[in-house]
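Reading through the structure tokens given below for one structure.
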Amino acid sequence: MQLALLAAAGIGLSLGILGSGGSVLALPLLVYLAGQDVKQAIAGSLFIVALISLATLLLSPAKQQINWRAALQLGISGALGGYLGALAAKFAHPMLQLIIFATLMLIAARAMWRHKDVTTPKSNPYITLVAGTLAGALTSFTGAGGGFMLLPILIRFAGLDFFHARATSLLLIFSNAALALMANLSMQTDWQLDWPLLLAISALGIAGSLTGRYWSANWPQQRLRRGFALLLLIIALFIVGHSLLEVI
């Protein structure tokens, strides 16, 4: 349990520093450190991600940097995707959800390792809407917040700079996770969520997020991204290996 609570602070640190990435730690935390069932852990992960993202946004200057037009576009498409993802999750095998989740972690790791600042962003509303729907669906299906997808979408296709994209990403992570949680709970009525544990993890995550946002201006972003990318790679390989052992 102590390891689970320590990892919770890491979720917040990543969200505070990078605006993404930390949410992908929530599901393996609940499954492998807290011993929860995969589908129950996905719902718990969505709750943690939503609460941490909202608190980080409200308790920091980031709320003044939100691009509401982009947030509305991606919020609507993300809500549609979230419902479709929850519908698919209802019938999906838990191992399939874990494998897809691990694949997303590998994609996130690659994106963070090869991160490049975009100096001439171009707005493309059609790609933005399609990508927003996909992000919402994957959030609902796997329990990941989707920040690693939302940040590049907001920068490359919505035409935002990094700081406005980071703030808008936090709002969208909250909305996608909250809507996905409601959709999943409405379709699965037999879940018993461990609310004290989820609230404790969320509280530590919020503290880590605010700390990371305060310190991030003085830290080498490139090294942080690559260090976190290696962590994601290790966890993804562990999930795949553990799933294969269960099959064998």
Distance, nearest 0.5 Å, that separates CZ of Arg69 from CG of Leu160: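 Arg69 CZ to Leu160 CG: 10.5 Å, rounded to 0.5 Å.
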Rounded to the nearest 0.5 Å, what separates atom NZ in Lys90 from atom OG in Ser186?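 One finds 8.5 Å between NZ of Lys90 and OG of Ser186.
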Got a list of side-chain donor-acceptor pairs under 3.5 Å for residues 95-109, not counting sequence neighbours?
from	atom 1	to	atom 2	distance (Å)
Gln97	OE1	Lys39	NZ	2.8
Gln97	NE2	Phe141	O	2.9
Thr103	OG1	Ile99	O	2.9

Would Leu199 and Leu51 satisfy side chain to side chain contact (heavy atoms under 4.5 Å, CB included), going step by step from the backbone distance to the final call? CA-CA 9 Å; Leu199 288 171; Leu51 197 57; 4.3 Å; yes
Give every residue pair that meets the ring pair (Phe, Tyr, Trp, His ring centres under 6.0 Å) criterion with at least one member in residues 49-73, sequence neighbours excluded.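 Every candidate ring pair (Phe, Tyr, Trp, His ring centres under 6.0 Å) pair involving residues 49-73 fails, so no pair, neighbours aside, qualifies.
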Leu198: side-chain contact (heavy atoms from CB on, under 4.5 Å) partners, not counting sequence neighbours: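 For Leu198 the side-chain contact (heavy atoms from CB on, under 4.5 Å) partners, ignoring immediate neighbours, are Leu30, Phe47, Ile48, Leu193, Trp195.
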Going by the rule side-chain contact (heavy atoms from CB on, under 4.5 Å), which residues pair with Ala86 if we only count those two or more places apart in sequence or in a different chain?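 side-chain contact (heavy atoms from CB on, under 4.5 Å) list for Ala86, sorted by chain: Ser140, Ala183, Asn184, Met187.
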Any link between [X] and [Y] through a network of hydrophobic side chains (Ile, Leu, Val, Met, Phe, Trp, Tyr) touching at under 4.5 Å?
X	Y	answer
Leu27	Leu179	no
Ile201	Tyr32	yes
Leu80	Tyr83	yes

Steps toward side chain to side chain contact (heavy atoms under 4.5 Å, CB included) verdict (Leu129, Thr133): CA-CA 6 Å; Leu129 290 173; Thr133 304; 5.5 Å; no
Minimum heavy-atom separation for [X] to [Y], with atom names?
X	Y	answer
Leu197	Ala34	CD2-CB, 3.8 Å
Ala70	Leu154	CB-CD2, 3.9 Å
Ala43	Leu185	CB-CD2, 4.5 Å
Gly75	Leu172	N-CD2, 3.5 Å
Gln36	Ala41	OE1-CA, 3.7 Å

Could you walk me through whether Leu150 and Asn176 pass the side chain to side chain contact (heavy atoms under 4.5 Å, CB included) check? CA-CA 11 Å; Leu150 291 168; Asn176 282 353; 4.2 Å; yes
Which one of Ile239, Leu233, Val240 satisfies the side chain to side chain contact (heavy atoms under 4.5 Å, CB included) criterion with Leu237?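 Running side chain to side chain contact (heavy atoms under 4.5 Å, CB included) over Ile239, Leu233, Val240 with Leu237 returns exactly one hit, Leu233.
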Residues that, via side-chain heavy atoms closer than 4.5 angstrom, fall in one hydrophobic cluster with Val130: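 So far as hydrophobic clustering goes, Val130 is joined with none.
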Please report the C-alpha distance between Leu54 and Ile173 in whole Å, then the side-chain angles of each, then the deciding distance to 0.1 Å, and finally whether the side chain to side chain contact (heavy atoms under 4.5 Å, CB included) criterion is met. CA-CA 8 Å; Leu54 178 62; Ile173 291 171; over 6 Å; no
For Asn67, is there any backbone N or O sitting under 3.5 Å from a side-chain donor or acceptor partner on Thr168?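 Yes; judged by distance alone, with no hydrogens or angles, the pair exists.
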Any residue meeting side-chain hydrogen bond (donor to acceptor under 3.5 Å, both in side chains) with Gln73, in chain and number order, not counting sequence neighbours: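 None.
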